[in-house]
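Heads up: the structure comes next, in structure tokens.
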Amino acid sequence: GDHAGARAVLMAVARDANAPDAVRADAYDLLMKILVRDLDDWSTAATVHREWVLLRPGDARAHPWAPMVASRGGAARK
């Protein structure tokens with residue numbers, strides 16, 4: 001598929017302050033899957049995860065990503 005195109009669309013929705021928080025959180029969820037599983041972009045995933053948690057701290061979908069992002073995202077930035 002067009003992972004780069006999907007990444008761009010989802011990034012725009014996730015970061016759109018005018019979109020409902022629930023829609024933005026759905027976009028962050030899908031975006032994380034594309035960044036990590038399809039694009040292996042841990043550095044961007046770390047940034048996106050941080051934004052997601054700030055937007056919806058109680059979103060249970062974000063929590064399983066935390067340890068992976070902390071270990072891989074941090075390593076990718078070094």
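All heavy atoms count here, side chains included; hydrogens, waters and symmetry mates do not. No experiment lies behind these values; they were computed from the predicted model shown.
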Qualifying salt bridge (charged side-chain N to carboxylate O under 4.0 Å, His left out) pairs with a residue from residues 10-19, counting only residues at least two apart or across chains: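 Sorted pair list: Arg15-Glu51.
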Residue pairs fulfilling salt bridge (charged side-chain N to carboxylate O under 4.0 Å, His left out) with at least one residue in residues 52-65, sequence neighbours excluded: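 Pairs touching residues 52-65 that pass the test: Asp26-Arg61, Asp29-Arg61, Asp59-Arg61.
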Roughly how far, to the nearest 0.5 Å, is the [atom2] atom of [Y] from the [atom1] atom of [X]?
X     : Y     : atom1 : atom2 : value
Asp21 : Leu55 : CG    : CG    : 4.5 Å
Leu35 : Thr47 : CG    : OG1   : 9.5 Å
His3  : Leu39 : NE2   : CG    : 6.5 Å

Ile34-Val53 co-clustered via ILVMFWY side chain contacts under 4.5 Å: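 Different hydrophobic clusters.
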Nearest atoms (heavy-atom pairs only) where Val13 meets Arg24: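 The pair with the smallest heavy-atom distance is O-CG, 3.5 Å.
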Minimum-distance pair of heavy atoms, taken over all atoms of Ala14 and Ala27: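 It is N-CB, 3.8 Å.
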Candidate pair Arg72 and Val36, rule side-chain contact (heavy atoms from CB on, under 4.5 Å), full reasoning: CA-CA 10 Å; Arg72 299 250 187 134; Val36 170; over 6 Å; no
side-chain contact (heavy atoms from CB on, under 4.5 Å) between Val48 and Met11, worked out: CA-CA 9 Å; Val48 164; Met11 190 76 78; 4.0 Å; yes
Whether His49 side chain and Ala62 backbone form a donor-acceptor pair below 3.5 Å: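 Confirmed, His49 side chain pairs with Ala62 backbone.
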